[in-house]
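To start, the structure itself, in structure tokens.
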Amino acid sequence: MKISVSGVRGIYGGDLTLHNISKFARLFASSSIKPEGGCVLASDTRPSSRLISQFVAANLMEQGIHV
């Protein structure tokens, strides 16, 4: 997994796990967005994108972020 200023990169199911995704989504929610604010998610066409975006959305909503 690669972590840089441009984001987190990895192979889903390999070095990028749901545990890691959850951790980064929660950190993003706690440091970047006001609880009353919202967030827009985008994805690409990779097969894992839908699952990952739904999982990130659930983690953000759990933190009170409107997605």
Distance check, rounded to the nearest 0.5 Å: Phe55 atom CZ versus Leu41 atom CG? 13.0 Å
Ser53 OG to Ile21 CD1 distance, which is reported to the nearest 0.5 Å: 10.0 Å
Mind listing the closest non-hydrogen atom pair of Ala29 and Ile65 along with its distance? CB-CG1, 4.0 Å
Quick one: side chains of residues 2-12, donor-acceptor pairs under 3.5 Å with protein atoms, not counting sequence neighbours, listed by atom name and distance.
from, atom 1, to, atom 2, distance (Å)
Ser4, OG, Ser6, N, 3.3
Ser4, OG, Ser6, OG, 3.0

Could you give all pairs that pass the side-chain hydrogen bond (donor to acceptor under 3.5 Å, both in side chains) test and reach residues 16-25, with sequence neighbours left out? Thr17-Asn20, Ser22-Arg26, Ser22-Asn59
With a 4.5 Å limit on heavy-atom distance, are the side chains of Val67 and Val40 in contact? no
May I ask whether Leu51 and Phe24 are part of the same hydrophobic cluster, defined by side-chain heavy atoms of I, L, V, M, F, W, Y residues being less than 4.5 angstrom apart, directly or through others? yes
Keeping to residues at least two apart or across chains, list the salt bridge (charged side-chain N to carboxylate O under 4.0 Å, His left out) pairs with something in residues 44-59. Asp44-Arg46
